[in-house]
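Read through the structure below, which is laid out as C-alpha cells, and then see the notes.
Here, residue 1 is the first one in the sequence, and each next residue gets the next number.
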Amino acid sequence: MNDNNSLLLQSPSTYEQPILKTMPLREQPAYRVTQNANACNLTELMAAVIGGAKQIEIAQDLMTHFNNDIRRLYQAHPAELAKVKGINQ
C-alpha cells in the first residue's frame with residue numbers, strides 16, 4: 001500500500017461542534033444580552049462582543065487565561081491576548 005492510500009484509510013479527526021450551535025436561541029449570549037444585559041455574566045457579555053461560531057469557547061478561554069480577572073484582561077498586551085486559542089487567527 002502506498003502512502004496516499006494509507007492516508008485515506010485513517011479515520012478523520014473528530015469535529016467538535018461549537019457550543020453556540022447546541023444552544024437554544026434564548027440561551028445564546030447575543031440574545032440574552034439584548035433581553036437583559038444585567039442578568040449576564042462576564043463570559044456571556046464577552047461572547048456577545050466576540051461573536052462568531054466559537055464565541056463562547058473563546059470567551060471562556062480568555063477568562064480562564066486571565067484567572068477571571070477582567071482588569072488583567074483589559075490591561076493585557078495584544079501579544080498576551082494572542083496566546084489564547086481563537087484570538088489572532
Side-chain angles (χ1 to χ4, degrees):
M1 191 181 299
N2 64 28
D3 288 334
N4 289 338
N5 287 338
S6 64
L7 290 175
L8 293 174
L9 295 176
Q10 293 176 352
S11 62
S13 61
T14 57
Y15 172 75
E16 292 184 29
Q17 190 169 11
I19 295 171
L20 184 69
K21 299 293 182 184
T22 63
M23 298 177 84
L25 175 65
R26 292 177 186 263
E27 293 179 18
Q28 294 179 10
Y31 182 88
R32 287 182 41 78
V33 169
T34 61
Q35 296 304 306
N36 185 2
N38 292 327
C40 296
N41 62 38
L42 281 175
T43 304
E44 290 174 315
L45 293 170
M46 286 181 47
V49 170
I50 292 168
K54 294 273 192 173
Q55 61 183 263
I56 296 169
E57 291 86 341
I58 294 169
Q60 289 172 338
D61 290 347
L62 275 169
M63 293 305 290
T64 299
H65 185 81
F66 291 100
N67 296 321
N68 294 319
D69 186 347
I70 196 72
R71 286 190 184 112
R72 281 188 58 211
L73 175 63
Y74 173 75
Q75 296 171 344
H77 188 274
E80 185 68 21
L81 293 170
K83 292 178 182 178
V84 176
K85 183 179 179 182
I87 304 291
N88 198 28
Q89 291 183 11

Mind checking whether Ile87 and Ile56 sit in one hydrophobic cluster, side chains of I, L, V, M, F, W, Y counted as touching below 4.5 Å?
no

Could you give the distance from CD (Gln28) to CD (Glu44), rounded to the nearest 0.5 Å?
11.5 Å

Transitive ILVMFWY side-chain link Phe66 to Ile50, under 4.5 Å
yes

Side chain of Asn41, backbone of Thr43: donor and acceptor closer than 3.5 Å?
yes

Identify the two heavy atoms, one from Lys85 and one from Ile58, that lie closest to each other, and give their separation to 0.1 Å.
O-CG1, 4.0 Å

Verify, without hydrogens or angle tests, whether Glu57 (side chain) and Pro18 (backbone) share a donor-acceptor contact under 3.5 angstrom.
no

Exercise: identify the closest heavy-atom pair between Ala48 and Pro29
N-CB, 4.0 Å

How far apart are the closest heavy atoms of Ala47 and Gln55, and which atoms are they?
O-OE1, 3.0 Å

For atom CD of Glu16, decide whether the heavy atoms of other residues, nucleotides or ligands shown that lie under 6.0 angstrom number more than 12.
no

Indicate if Val84 and Ile70 have the same hydrophobic cluster label, given that clusters are the connected sets of ILVMFWY residues with side-chain heavy-atom separations under 4.5 angstrom.
yes

Could I get the full list of side-chain hydrogen bond (donor to acceptor under 3.5 Å, both in side chains) partners for Glu80, not counting sequence neighbours?
His65, Lys83

Atom pair CD/CD1 of Glu27 and Ile19 - distance to nearest 0.5 Å
12.0 Å

Write down the atom of Arg32, the atom of Ala39, and the distance for their closest heavy-atom approach.
NH2-O, 3.2 Å

Measure across Leu62 and Leu81 and return the closest heavy-atom pair with its distance rounded to 0.1 Å.
CD2-CD2, 4.1 Å

